[in-house]
Amino acid sequence: VHDPFTPVPITDPADLDAATERELVDAWSAHARQVARARHGIGEPTPPALLAGHALGALATEQELTDRLVCMRWVTTRDALAYGAPLSRVAAALRLEPAEVASELRAWADDHHEHAGMSAAARGEVYALVERAVDAEVCAALGIANPSDADGVRGAAGR
Amino acid sequence: MSDHVTRPSDLAGASLRELLDGYQAHLSALVNACHGVGELEPVGRLRADALDVLACGQALADRLLAMRWATVVDALTYSAPLAHVAAAVGLEPDEVSAGLRSWADRQLSHGLMTPARHNEVYALLGGEGR
């Protein structure tokens with residue numbers, strides 16, 4: 001059902017499930033451009049109702065895209081650690097502190113174990129990865145040998 | 001291991017499409033490795049792919065969300081109902097109100113918004129969500 005006050009359909013993020021990421025980026029760019037042009041008084045005046053639709057479209061598409069990015073974020077963090085990436089580099093890539101990455105990754109594993117079917121063993125593997133990464137970080141900071149180095153780097157992340 | 005660390009700020013000059021292409025290319029390499037598709041990649045390569053997925057994804061999210069509250073202001077200015085804005089950002093209306101006030105307060109305290117504009121933003125919320 002289209003809202004009568006705007007000619008552009010209200011786009012709930014849930015309505016965008018079928019769109020590809022490329023389509024979402026292009027739609028966001030088109031909506032955001034219209035809103036930005038109006039904000040800066042560029043071009044022909046656009047009816048407010050149409051601009052409201054563009055603003056809502058920009059918000060909905062950016063929400064859908066960021067939801068998808070967040071969805072993959074901790075899976076990829078787990079993979080990065082499993083492939084031997086230092087915690088400090090993972091943190092730099094995420095603009096977080098290493099301690100935040102460790103706690104957020106554990107929280108993600110807890111949440112998936114509780115609500116999304118992650119097995120206790122898989123959760124335990126995530127915890128072990130975090131523990132090993134934190135150990136390595138501590139040893140590097142203290143300039144001491146890391147006993148875990150003898151274990152080598154796991155070659156497979158295993159989803 | 002290379003000392004190079006890709007940070008989201010290193011990607012400031014990339015377009016949204018370039019960020020998305022980079023994100024998807026590196027993610028595909030991880031997914032292929034996970035499922036044993038294609039050539040076996042060295043662990044160091046996959047480690048770099050994973051870090052680049054994280055950096056590209058973060059840069060993409062940063063870019064998309066940078067204008068979020070300004071766009072909420074635009075939507076309300078053009079008379080979009082608060083409930084529609086809330087639906088678009090996946091929040092409850094009172095969460096949008098609180099988020100918008102918090103953003104306006106931060107903008108004001110950092111000198112990025114005039115007191116008059118701050119009042120206008122608050123006025124957009126009217127009695128809703130207060």
Side-chain angles (χ1 to χ4, degrees), chain A residues 3 5-6 10-14 21-22 24-26 28-29 31-32 35-36 38-39 48-67 69-70 72-73 75-77 79-86 88-90 92-95 153-159, chain B residues 1 3-9 15-17 19-21 23-24 26-27 30-31 33-36 40 42-65 67-68 70-81 84-85 87-91:
Chain A
D3 188 283
F5 103 86
T6 170
I10 302 299
T11 43
D12 189 300
E21 282 81 12
R22 172 58 68 92
L24 290 170
V25 162
D26 289 348
W28 182 85
S29 299
H31 287 307
V35 174
R39 192 184 295 148
L50 196 57
L51 289 171
H54 283 305
L56 292 171
L59 291 170
T61 47
E62 76 191 23
Q63 188 62 41
E64 175 64 21
L65 265 169
T66 51
D67 283 350
L69 294 170
V70 167
M72 290 306 296
R73 181 187 228 201
V75 174
T76 310
T77 297
D79 289 354
L81 295 179
Y83 289 128
S88 58
R89 293 195 190 183
V90 173
L94 291 171
R95 274 200 310 102
V153 172
R154 288 180 198 175
R159 280 167 202 270
Chain B
M1 191 186 307
D3 287 335
H4 177 71
V5 182
T6 303
R7 299 167 192 273
S9 56
S15 70
L16 275 183
R17 274 196 169 197
L19 288 174
L20 181 64
D21 288 346
Y23 175 83
Q24 291 182 322
H26 293 297
L27 188 60
L30 292 180
V31 172
C34 176
H35 295 290
L40 189 63
V43 168
R45 174 80 203 179
L46 294 170
R47 180 166 57 228
D49 280 324
L51 290 171
D52 285 340
V53 167
L54 293 174
C56 288
Q58 187 63 42
L60 200 49
D62 287 348
R63 194 82 62 84
L64 289 167
L65 295 177
M67 296 302 292
R68 182 189 221 199
T71 308
V72 167
V73 169
D74 288 330
L76 295 174
T77 300
Y78 298 129
S79 302
H84 291 186
V85 174
V89 295
L91 295 173

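Here is the naming used below: chain letters follow the sequence lines, and residue numbers restart at 1 for every chain. Heavy-atom basis, side chains included; hydrogens, waters and symmetry copies ignored.
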Which pair of non-hydrogen atoms, one from A/Ala58 and one from B/Thr71, has the smallest distance, and what is that distance?
CB-CG2, 4.2 Å

Engaged part of B/Asp62 at the chain A interface, taking heavy atoms whose separation is under 4.5 Å:
side chain

Give, as side chain, backbone, both or neither, the part of A/Ser29 having an atom under 4.5 angstrom from any heavy atom of chain B.
side chain

Looking only at A/Val25, A/Thr77, A/Val70, A/Leu94, most heavy-atom pairs under 4.5 Å shared with chain B are made by A/Leu94

Over all heavy atoms of both residues, which pair between B/Leu51 and A/Ala80 is shortest? Give the atoms and the distance, please.
CD2-CB, 4.4 Å

B/Arg7 side chain near A/Arg89 side chain, heavy-atom distance below 4.5 Å:
no

Closest approach of A/Ala93 to B/Pro8 (non-hydrogen atoms, all atoms of both residues):
O-CG, 3.2 Å

What's the spacing between B/Asp74 CG and A/Leu51 CG if we round to 0.5 Å?
8.5 Å

Contact class of B/Asp21 relative to chain A, heavy atoms under 4.5 angstrom:
side chain

May I have the step-by-step check of side chain to side chain contact (heavy atoms under 4.5 Å, CB included) for B/Arg63 and A/Glu62, ending in yes or no?
CA-CA 10 Å; B/Arg63 194 82 62 84; A/Glu62 76 191 23; over 6 Å; no

Interchain contact, B/Ala48 with chain A, by part (heavy-atom threshold 4.5 Å)
neither

What do the steps show when you test B/Val53 against A/Met72 for side chain to side chain contact (heavy atoms under 4.5 Å, CB included), and what is the final call?
CA-CA 9 Å; B/Val53 167; A/Met72 290 306 296; 5.9 Å; no

Would you mind reporting whether A/Tyr83 and B/Asp49 have side-chain heavy atoms less than 4.5 Å apart?
no

Where on A/Ala32 is there a heavy atom nearer than 4.5 Å to chain B: the side chain, the backbone, both, or neither?
neither

State, with a plain yes or no, whether a side-chain heavy atom of B/His84 is found less than 4.5 Å away from one of A/Leu59.
no

Does this structure show an ion pair linking B/Arg47 with A/Asp79, if we count only N-O contacts that are shorter than 4.0 Å?
no

What part of A/Asp67 is in contact with chain B, defined as an atom under 4.5 angstrom from a non-hydrogen atom: side chain, backbone, both or neither?
neither

Side chains of A/Arg22 and B/Gln24, donor plus acceptor under 3.5 Å
no

At what distance, to the nearest 0.5 angstrom, does OG1 of A/Thr76 lie from NE2 of B/His26?
12.0 Å

How long is the span from the OG1 atom in B/Thr77 to the CZ atom in A/Arg39, to the nearest 0.5 Å?
9.5 Å

Euclidean distance, B/Leu64 CG relative to A/Thr66 OG1, rounded to 0.5 Å
6.5 Å

One should read off an interatomic distance between A/Leu56 CG and B/Tyr78 OH, to the nearest 0.5 angstrom, of 12.0 Å

Between A/Asp26, A/Val90, A/Val35, which residue shows the highest count of heavy-atom pairs closer than 4.5 Å to chain B?
A/Asp26

How far does CG of B/Leu16 sit from CG of A/Leu24, to the nearest 0.5 angstrom?
11.5 Å

